[in-house]
Structures are given as structure tokens and as C-alpha cells.
Amino acid sequence: QVRLVQSGGGSVQSGGSLRLSCAVSGYRSSYYSMAWFRQVPEKEREGVAVIDGDGTTVYADSVKGRFIASHDKADSTLYLQMNSLKPEDTAMYYCALNWGALPLDDDVWRSEHEYNYWGQGTQVTVSS
């Protein structure tokens with residue numbers, strides 16, 4: 001059974017940093033796409049970053065240059081390092097796994113419907 005368990009997040013002032021973790025169990029293939037999404041009330045989930053089995057990463061324009069997605073294959077954990085945080089980054093953050101390799105040269109990876117498994121979510125709050 002595939003499980004994604006998130007940790008990290010919390011509250012920080014504008015300009016600060018946080019790191020999110022997503023521990024994956026039950027999935028052993030090196031053929032995947034893993035992504036971070038975020039959601040605020042009454043809005044759709046927004047794709048923030050994606051990383052594939054080769055380590056290729058793509059970011060939404062809103063976080064490019066500030067967020068870094070990485071995957072430690074040794075401990076099967078996905079990370080999102082968030083720097084220079086802004087109040088508009090406040091949201092519930094989710095990690096997600098697609099058991100294939102999504103094309104990263106278009107916006108397919110940003111659709112929540114492309115992912116098979118989800119973490120439970122963790123809140124990030126950035127105050128001004």
C-alpha cells in the first residue's frame with residue numbers, strides 16, 4: 001500500500017524559510033513524478049513544483065527562484081525548501097505522486113487529476 005506522510009510547515013514571518021517533507025512508503029519504482037500543490041479556501045489546488053525520477057524539476061512562476069524541490073531516494077522522502085516566503089504563500093500544502101513520468105514541458109503536471117496518491121496536507125502560514 002502506497003502512503004505519503006507529510007511533516008514540516010508551520011508559521012513564519014515574511015522573508016523566512018520553511019521546509020516540508022513527504023515520506024513515501026510502498027512505492028519502489030524509479031519511474032514517477034512527484035509534485036507539491038497548495039490550496040487556499042474556495043480555490044483549486046495549485047501546482048507549485050514537480051520532480052521526476054531523473055531529478056528534473058519544474059516550478060510555477062510564482063515560486064521560481066524561491067522554492068526548491070528535491071528527492072532523497074535513500075530514504076524515499078520528497079522535500080520542498082521554501083525561502084523568501086511571502087504572505088501570499090500561505091496555504092495548505094500537499095505532496096502527490098504519479099506512478100508514471102508526466103511530461104514536464106507543458107502544464108499537465110499542474111493538474112491535480114494526474115496524481116494517484118496524496119499526502120495528508122500541512123499548513124503553511126506567512127505573516128507580514
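Taking all atoms of both residues into account, the shortest heavy-atom contact from Thr90 to Val126 is OG1-N, 2.8 Å. For the residue pair Val2 and Gly26, the shortest heavy atom distance occurs at CG2-O, 3.5 Å. Contact detail for Trp109 and Asp106: the closest heavy-atom pair is CD1-O, 3.3 Å. Scanning all heavy atoms of the two residues, the minimum distance from Leu18 to Gly10 falls at CD1-O, 3.9 Å. When all heavy atoms are compared, the tightest approach of Ala91 to Gln39 is CB-O, 3.5 Å. Nearest heavy-atom pair, Lys73 versus Gly53, reported as atom, atom and distance to 0.1 Å: NZ-O, 2.7 Å.
Linking Ile, Leu, Val, Met, Phe, Trp and Tyr residues whenever their side-chain heavy atoms come within less than 4.5 Å leaves Tyr94 and Val5 in two separate clusters. Hydrophobic clustering (ILVMFWY, side-chain heavy atoms < 4.5 Å, transitive): Val48 and Val58 are in distinct clusters. The cluster map of Ile, Leu, Val, Met, Phe, Trp and Tyr, joined by side-chain heavy atoms under 4.5 Å apart, puts Met92 and Leu4 in different clusters.
Heavy-atom neighbours of Lys43 NZ from other residues, nucleotides or ligands within 6.0 Å: at or below the threshold of 12.
Note that OG of Ser7 and OH of Tyr79 are 8.0 Å apart. Values are rounded to the nearest 0.5 Å. To the nearest 0.5 Å, atoms CD (Gln120) and CZ (Arg3) are separated by 8.5 Å. Once rounded to the nearest 0.5 Å, the distance linking OH of Tyr117 with OG of Ser25 reads 11.0 Å. Annotation: the span from Met82 atom CE to Arg38 atom CZ amounts to 9.0 Å, rounded to 0.5 Å. The CZ atom of Arg45 sits 10.0 Å away from the NE2 atom of His113 when rounded to the nearest 0.5 Å. The distance from atom CG of Leu80 to atom CE of Met34, rounded to the nearest 0.5 Å, is 11.5 Å.
Judged purely by atom type and a 3.5 angstrom limit, Glu112 has no side-chain atom pairing as donor or acceptor with the backbone of Ala96. With Asp72 contributing its side chain and Thr77 its backbone, the two residues share no donor-acceptor pair below 3.5 Å. No donor-acceptor distance shorter than 3.5 angstrom exists from the side chain of Ser33 to the backbone of Asp52, with no hydrogens or angles considered. The closest donor-acceptor contact from the side chain of Gln123 to the backbone of Gly9 lies at 3.5 Å or more, if one exists at all.
By the 4.0 Å N-to-carboxylate-O rule, Asp89 lies too far from Lys86 to be salt-bridged with it.
Under the 30°/60° scheme for interplanar angles, the aromatic rings of Tyr27 and Tyr32 are found to stand perpendicular.
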* Determine, stepwise, if the pair Ser17 / Asn83 fulfils side chain to side chain donor-acceptor pair (under 3.5 Å). => CA-CA 4 Å; Ser17 298; Asn83 302 317; 3.0 Å; yes
* **side chain to side chain contact (heavy atoms under 4.5 Å, CB included) between Gln13 and Ser128, worked out** => CA-CA 6 Å; Gln13 288 191 327; Ser128 57; over 6 Å; no
* To do: Please assess Ile68 against Tyr59 for the test side chain to side chain contact (heavy atoms under 4.5 Å, CB included), listing each intermediate value before the final yes or no.
  => CA-CA 8 Å; Ile68 301 171; Tyr59 300 92; 4.0 Å; yes
* Asked: Should Val108 and Glu114 be marked as a side chain to side chain contact (heavy atoms under 4.5 Å, CB included) after you check the CA-CA gap, both sets of side-chain angles, and the distance that decides it?
  -> CA-CA 7 Å; Val108 169; Glu114 296 292 334; 3.7 Å; yes
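Between the side chains of Asp54 and Thr56, no donor-acceptor pair of N or O atoms lies under 3.5 Å.
In this structure, the side chains of Val50 and Thr57 stay at 4.5 Å or more apart for every pair of heavy atoms. Here the side chains of Leu78 and Trp36 are in contact, with some heavy-atom distance below 4.5 Å. Between Leu85 and Phe67 the shortest side-chain heavy-atom distance falls below 4.5 Å.
Within the 6.0 Å centre-distance limit, the rings of Trp118 and Phe37 are counted as a close aromatic pair.
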